[in-house]
Amino acid sequence: MPKTIRELANELKVSKQTIQYHYQRLPTKNRQKDSQGTNMISPTAERIIRDKVAKPLVAKNQQMGSKEETKTSKENNELIATLRREVADLKSQRDKQLATKDRQIDHLTKLIDQQQKLQLATVEKNKELTAHVQKLSGLLENSNISKKKLENDKKYGVHKNKLKLNNSWWHFW
């Protein structure tokens with residue numbers, strides 16, 4: 001539950017100015033205000049501020065008596081628990097980000113595979129069309145050669161018939 005700067009200062013036994021100082025240096029995403037405009041400290045921001053303020057407190061408390069050392073141990077245990085929660089949160093965020101990136105990589109891999117298949121199909125189609133065009137060109141050339149041959153045959157065919165006639169005429173003599 002969010003706390004005010006005064007509540008956190010009383011809890012940590014430091015001045016409000018100390019909490020205010022650390023609060024103002026937090027990233028804007030960790031700063032909150034309630035409906036009345038009062039600065040509220042979220043649990044995440046509280047952990048960060050506790051980490052920063054607890055270090056000097058540990059040194060002060062070690063100079064005090066054994067009762068204070070017990071409190072320091074409690075604070076350390078709380079700090080450890082807070083840090084473990086924060087590490088778990090960060091690991092969870094990292095895992096989510098990695099899963100998202102894995103899905104994106106899989107999607108892009110599929111797209112690349114599809115593109116390569118389309119490219120291969122296009123190349124094959126081009127080869128087929130090229131072979132077809134060459135075949136048609138060959139037929140056209142053969143047709144032109146046949147026409148020329150027919151024209152030549154017509155020209156020379158008349159002479160052959162005359163030769164045959166002549167040959168035929170001599171044949172009878």
Side-chain angles (χ1 to χ4, degrees), residues 1-140:
M1 182 175 147
K3 297 179 182 178
T4 63
I5 290 175
R6 176 178 288 164
E7 290 171 344
L8 186 59
N10 290 340
E11 188 178 313
L12 295 176
K13 297 179 183 170
V14 295
S15 66
K16 291 189 311 184
Q17 289 83 6
T18 302
I19 302 298
Q20 185 71 33
Y21 173 83
H22 291 293
Y23 180 77
Q24 289 174 348
R25 280 154 184 74
L26 289 174
T28 53
K29 68 178 183 175
N30 290 332
R31 290 190 237 163
Q32 298 177 356
K33 290 190 184 258
D34 66 0
S35 60
Q36 299 165 348
T38 306
N39 289 331
M40 299 303 289
I41 300 174
S42 67
T44 306
E46 182 181 341
R47 277 185 265 160
I48 295 169
I49 292 172
R50 275 185 187 273
D51 293 346
K52 292 181 180 180
V53 173
K55 291 177 185 175
L57 285 179
V58 171
K60 280 184 185 177
N61 287 338
Q62 286 177 351
Q63 294 173 358
M64 300 288 181
S66 63
K67 289 183 182 179
E68 295 297 320
E69 287 180 22
T70 307
K71 288 183 181 178
T72 305
S73 295
K74 275 187 176 180
E75 289 175 359
N76 283 341
N77 289 339
E78 289 175 11
L79 179 62
I80 289 170
T82 303
L83 290 173
R84 284 184 177 158
R85 284 191 301 269
E86 193 171 329
V87 167
D89 290 343
L90 291 173
K91 283 182 179 179
S92 173
Q93 289 175 358
R94 180 201 61 197
D95 292 343
K96 288 177 185 176
Q97 289 174 348
L98 287 174
T100 302
K101 292 298 176 191
D102 287 344
R103 285 192 300 273
Q104 290 173 347
I105 289 170
D106 289 341
H107 179 68
L108 291 174
T109 303
K110 287 178 185 176
L111 289 175
I112 289 172
D113 187 43
Q114 289 174 352
Q115 178 63 30
Q116 289 174 344
K117 288 178 181 177
L118 286 172
Q119 185 68 24
L120 184 62
T122 303
V123 168
E124 289 298 320
K125 189 69 173 176
N126 283 343
K127 284 181 182 178
E128 288 176 17
L129 291 174
T130 303
H132 187 66
V133 166
Q134 288 175 349
K135 182 179 176 183
L136 291 176
S137 295
L139 291 175
L140 184 61

(request) Taking all non-hydrogen atoms of both residues into account, name the closest pair between Pro2 and Glu7 and its distance. (result) O-OE1, 4.5 Å
(request) Evaluate the side-chain proximity of Asp89 to Arg47: yes if any heavy-atom separation is below 4.5 Å, no if none is. (result) yes
(request) State the CD-CD1 distance between Glu46 and Ile19, to the nearest 0.5 angstrom. (result) 9.0 Å
(message) How about CZ on Arg6, more than 12 heavy atoms from neighbouring residues, nucleotides or ligands closer than 6.0 Å, or not?
(response) no
(request) Report the distance from atom NE2 of His132 to atom CG of Leu129, rounding to the nearest 0.5 Å. (result) 8.0 Å
(request) Quick one: pull up CZ in Arg25 and CD in Gln20 and give me the separation to the nearest 0.5 Å. (result) 10.0 Å
(message) Is it the case that atom CZ in Arg84 sees more than 12 heavy atoms from other parts of the structure closer than 6.0 Å?
(response) no
(message) To the closest 0.5 Å, what do you measure between CG (Leu98) and CZ (Arg94)?
(response) 6.5 Å
(request) Search all heavy atoms of Thr4 against all heavy atoms of Ile41 and return the closest pair with its distance. (result) O-CD1, 4.1 Å
(request) Report the distance from atom CG of Leu8 to atom CD1 of Ile49, rounding to the nearest 0.5 Å. (result) 6.0 Å
(request) Would you check if there is a donor-acceptor pair between the side chains of Arg85 and Thr82 at a distance under 3.5 Å? (result) yes
(message) Are the side chains of Tyr23 and Leu26 in contact, using a 4.5 Å heavy-atom criterion?
(response) yes
(request) Decide yes or no for His107 and Gln104: does some side-chain heavy atom of the first lie under 4.5 Å from some side-chain heavy atom of the second? (result) no
(message) With rounding to the nearest 0.5 angstrom, report the OG to CD distance, Ser92 to Gln97.
(response) 10.0 Å
(request) Over all heavy atoms of both residues, which pair between Asp34 and Thr38 is shortest? Give the atoms and the distance, please. (result) OD1-N, 2.8 Å
(message) I want to check something: taking the side chain as every heavy atom from C-beta on, are Arg31 and Thr28 in contact at a cut-off of under 4.5 Å?
(response) yes
(message) Please find the pair of heavy atoms, one from Ile5 and one from Lys16, that lie closest to each other, and give the distance.
(response) CG2-O, 3.7 Å
